[in-house]
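These notes are about the structure you will find just below.
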Amino acid sequence: MSFTTLGLDSRLLKTLEAKGYSTPTPIQTQVIPLVLRGRDILGAAQTGTGKTAAFALPIIHKLISAANAKQSSARALVIVPTRELASQVAEAIRLYAEGLDLSCIALFGGANMARQAKELGEGVDIIVATPGRLIELNKQGHVPLSRIEYLVFDEADTIFDMGFIREVEQIIDLLPLKRQNMLFSATMTGAVKQLSEKILKKPLLVEIDNLKAADATIRQVVHPVEKERKKELLSFVIGSNNYPQVLVFTRTKAEADEVSAELTASGLKNVVIHGDKKHGARDRALTEFREGNTRILVATDIAARGLDIEGLDVVINYDIPHVSTDYLHRIGRTGRAG
Ligand code: AMP
């Protein structure tokens with residue numbers, strides 16, 4: 001299977017070739033033709049399956065197709081749970097839309113609102129946003145949502161986990177009734193099912209079992225240890241194995257800070273991201289880690305949700321998360337896109 005058989009615009013195919021995407025992932029093979037045909041999608045898929053391109057490519061295709069002349073108002077809206085995911089999805093969309101006359105903006109809390117409002121005023125085609133900031137900007141009259149034709153909820157389960165229920169309802173009420181909808185979620189919780197029933201019209205269910213891929217490609221190891229000696233063992237495991245890059249997950253923000261301090265005390269340079277860190281600090285930490293200036297990133301689940309960090313060899317679960325899917329999300333950081 002190659003991208004050429006999926007029905008995408010030749011300009012997009014050229015970009016994909018240039019970016020080294022030779023074969024569509026299973027979710028892309030299934031979702032792209034369906035979206036091109038105008039169907040609503042309910043996608044059970046995690047990050048790492050290539051789902052961003054699965055919804056972004058056909059939406060871009062439709063926005064640039066000749067029959068679909070450019071308009072002054074935003075036409076596609078992607079709702080995501082976290083600011084990191086907003087930046088990452090917007091970046092991916094800009095990459096896929098390179099050389100095309102399309103603009104994409106990421107809107108999230110913690111960033112300068114006036115600047116976001118100014119950019120919106122200059123006109124954008126695709127908005128990627130966290131629910132809270134989108135509502136805030138809309139209330140101030142900066143985000144016209146009356147022309148949205150394509151709506152995507154990405155990581156819907158996390159959107160609800162983070163308590164954005166009211167905001168989600170408000171957003172839906174602001175949108176025109178005639179639109180194409182896609183909803184992706186790693187787990188189909190009650191709230192996700194309700195939302196899908198509310199917004200999706202005759203959706204096609206696409207299920208990508210990432211578990212099998214994870215089983216095959218990711219080796220899992222357990223180190224039994226007394227609680228008091230966990231931090232010590234962590235430093236030892238990282239130090240003695242000389243891993244080039246490690247992502248360490250903790251359950252709580254306080255624990256992330258404690259682990260970070262212990263690693264630092266052991267001479268292991270590290271950066272931390274969690275919900276209490278300011279946006280700038282989180283960005284800097286991620287850049288440090290991505291660029292290989294720091295080899296250890298300590299993170300909580302929410303802060304790390306959806307982060308795309310390439311070539312990550314080792315994930316350490318400092319503890320076991322409460323929810324089994326969080327464990328899969330965590331270890332899935334290593335086997336990205338198969
Ligand atoms: P996602 O699940 O959307 O976060 O994508 C995970 C990673 O896979 C990202 O780094 C993408 O750039 C990459 N990716 C997505 N689709 C493909 C593809 N067809 N070929 C190669 N890499 C891909």
Side-chain angles (χ1 to χ4, degrees), residues 1-9 12-33 35-36 41 43-61 76 78-98 104 106 126 128 152-159 182-187 206-214 217-218 245 247 286-287 289-292 297 299 301-313 315 325 328-338:
M1 172 64 79
S2 79
F3 276 105
T4 47
T5 55
L6 297 180
L8 289 169
D9 189 283
L12 282 169
L13 295 179
K14 264 203 197 116
T15 305
L16 293 175
E17 200 187 326
K19 306 290 175 209
Y21 285 28
S22 51
T23 319
T25 65
I27 194 164
Q28 290 161 2
T29 306
Q30 291 189 56
V31 168
I32 293 172
V35 177
L36 290 178
I41 303 287
Q46 310 175 14
T47 46
T49 52
K51 73 176 154 57
T52 314
F55 65 75
L57 293 171
I59 289 178
I60 295 171
H61 171 104
V78 183
I79 305 288
V80 297
T82 63
R83 37 195 165 183
E84 281 80 9
L85 194 58
S87 297
Q88 189 176 297
V89 168
E91 220 168 275
I93 290 175
R94 284 186 206 116
L95 189 86
Y96 303 139
E98 221 172 78
C104 175
I126 305 171
V128 183
V152 180
F153 277 98
D154 193 10
E155 306 219 347
D157 48 356
T158 315
I159 294 176
M182 284 145 254
L183 187 152
F184 296 89
S185 190
T187 51
V206 177
E207 270 180 288
I208 298 300
D209 188 0
N210 211 29
L211 274 179
K212 278 190 201 124
T217 55
I218 302 169
Q245 279 217 306
L247 174 53
L286 265 182
T287 308
F289 186 67
R290 277 211 180 100
E291 291 179 353
L297 173 65
D301 290 294
I302 290 289
R305 230 357 135 81
L307 292 185
D308 181 26
I309 298 161
E310 280 184 28
L312 191 57
D313 293 322
V315 170
T325 47
L328 295 172
H329 267 291
R330 286 179 175 191
I331 68 167
R333 308 285 105 188
T334 63
R336 312 233 75 181

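Keep in mind that this is a model prediction, so the values were computed, not measured. Hydrogens, waters and symmetry mates play no part in the numbers below; they use all other heavy atoms, side chains included. In listed order, ligands and their atoms are each counted from 1.
Near T52, meaning under 4.0 Å from any of its heavy atoms, are these atoms of ligand 1: 1 (P), 3 (O), 4 (O). The T23 neighbourhood of ligand 1 comprises atoms 18 (C), 19 (N), 20 (N), with distances under 4.0 Å to a heavy atom of that residue. In the vicinity of F3, heavy-atom distances shorter than 4.0 Å reach the ligand 1 atoms 19 (N).
Between K51 and V31 there is no side-chain heavy-atom pair separated by less than 4.5 Å. Between D301 and R330 the shortest side-chain heavy-atom distance falls below 4.5 Å. Contact of the P24 side chain with the L6 side chain is registered, since non-hydrogen atoms from C-beta on lie closer than 4.5 Å.
Looking at ligand 1, you won't find any N or O of S22 less than 3.5 Å from one of its N or O atoms. The shortest N or O to N or O distance between G20 and ligand 1 is not under 3.5 Å.
Residues passing the ring pair (Phe, Tyr, Trp, His ring centres under 6.0 Å) test with F289: none are found, sequence neighbours excluded.
Proximity annotation for atom 15 (C) of ligand 1: of Q88, Q28, E91, Q28 comes nearest, heavy atoms only.
Residue F55 is tested with V35, V78, I41 for a side-chain contact (heavy atoms from CB on, under 4.5 Å); the sole match is V78.
With a 4.0 Å heavy-atom cut-off, ligand 1 is reached by no atom of L16.
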Side chain to side chain contact (heavy atoms under 4.5 Å, CB included) evaluation trace for L85 with E155: CA-CA 9 Å; L85 194 58; E155 306 219 347; 3.7 Å; yes
